[in-house]
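First the structure, in the form of structure tokens, and then the observations on it.
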Amino acid sequence: MANITLQDLRFEPYISKEKINERVKAMAAEMKNDLGDEIPLFLGILNGSFVFASDLIRECDFDMTISFVKVASYLGTKSSGSVSQLIGLNESILGKTVVVVEDIVDTGKTIEMIDALLKNAGAKSIKYASLLFKPDAYTRSIPIDYKAFEIPNEFVVGYGLDYNGLGRNIDSIYKIVEE
Ligand code: IMP
Ligand code: MG
């Protein structure tokens with residue numbers, strides 16, 4: 001497979017679609033084992049997770065409901081500082097087992113916001129599933145229950161992940177070529 005260019009950056013093939021499929025299948029099997037008789041709500045975080053979520057749920061051989069949300073963070077009043085909100089959530093979280101589906105966990109800032117919001121909404125239990133995890137960039141303490149790949153602190157695109165909005169439609173993962 002050849003390198004690709006997105007705007008000013010070059011990327012090289014990194015994780016093949018076959019390898020992704022293998023790990024997604026294994027993750028679904030692990031989830032089935034852990035979740036037992038629960039009917040979890042899978043909550044995909046847009047935009048990046050839509051490709052991974054769509055493959056993952058089709059490998060999951062158990063009942064679930066699925067929804068997608070965006071996380072918005074904005075500055076509230078001077079006294080309240082930064083406020084975050086889940087946009088697009090129109091079902092109740094109260095008492096539910098929620099499986100948050102992310103494309104990548106980098107610093108962990110995003111899932112920390114999501115965690116607070118879901119706890120506040122009364123989730124019974126919250127699990128985190130991420131296609132990619134960058135352990136060297138992670139600065140938070142929330143455990144990532146399911147991760148398909150741990151990768152070094154390098155920028156990647158494809159399979160839902162973007163560079164300036166580009167590259168989400170590539171069916172495998174590419175990493176940046178440092179030049
Ligand atoms: P966080 O630092 O864990 O909050 O990650 C925030 C977001 O940064 C992720 O959901 C991605 O949208 C984006 N991100 C982090 N690393 C990468 C990468 O290597 N490629 C593309 N997007 C990334
Ligand atoms: Mg994202």
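All ligand and atom numbering here is 1-based and tracks the order in the structure. This structure is a prediction, so every number in the text was calculated from the model and none was measured.
Numbered from 1 in the order shown, with element, the atoms of ligand 1 that lie under 4.0 Å from a heavy atom of E154 read 19 (O). Heavy-atom proximity to T110, at under 4.0 Å, picks out these atoms of ligand 1: 1 (P), 4 (O), 5 (O), 6 (C). Within ligand 1, counting atoms from 1 as listed, the ones closer than 4.0 Å to a heavy atom of I104 are 9 (C), 10 (O), 11 (C), 14 (N), 15 (C), 16 (N), 17 (C), 18 (C), 19 (O), 23 (C). Listed by atom number, the atoms of ligand 1 under 4.0 Å from D162 heavy atoms are 21 (C).
Remark: distances from the non-hydrogen atoms of K134 to ligand 1 include one below 4.0 Å. The shell of residues lying under 4.0 angstrom from ligand 1, judged by heavy atoms, excludes G48.
With respect to E112 and K109, no salt bridge is recorded, no charged nitrogen being found less than 4.0 Å from a carboxylate O.
Counting heavy atoms under 4.0 Å from ligand 1, residue V156 touches it through both backbone and side chain.
Considering OG1 of T5 and OH of Y174, their distance stands at 11.0 Å, rounded to 0.5 Å.
No side-chain donor-acceptor contact under 3.5 Å links S125 to the backbone of T97.
Looking only at atom types and distance, the side chain of E102 has no donor-acceptor partner in the side chain of T110 under 3.5 Å away.
When the heavy atoms of D103, I151, I176, V157 are ranked by distance to atom 10 (O) of ligand 1, first place goes to D103. Distances from atom 5 (O) of ligand 1 to the heavy atoms of D106, T139, L46 put D106 nearest.
Judged as a side-chain hydrogen bond (donor to acceptor under 3.5 Å, both in side chains), and not counting sequence neighbours, the contacts of N21 are K25. Applying the ring-ring contact (aromatic ring centres under 6.0 Å, His included) test to F133 and every residue at least two apart in sequence or in another chain returns Y138.
Closest heavy-atom contact between Y128 and P143: CD1-O, 3.9 Å.
On a distance-only criterion, G108 and ligand 1 share at least one N/O pair closer than 3.5 Å.
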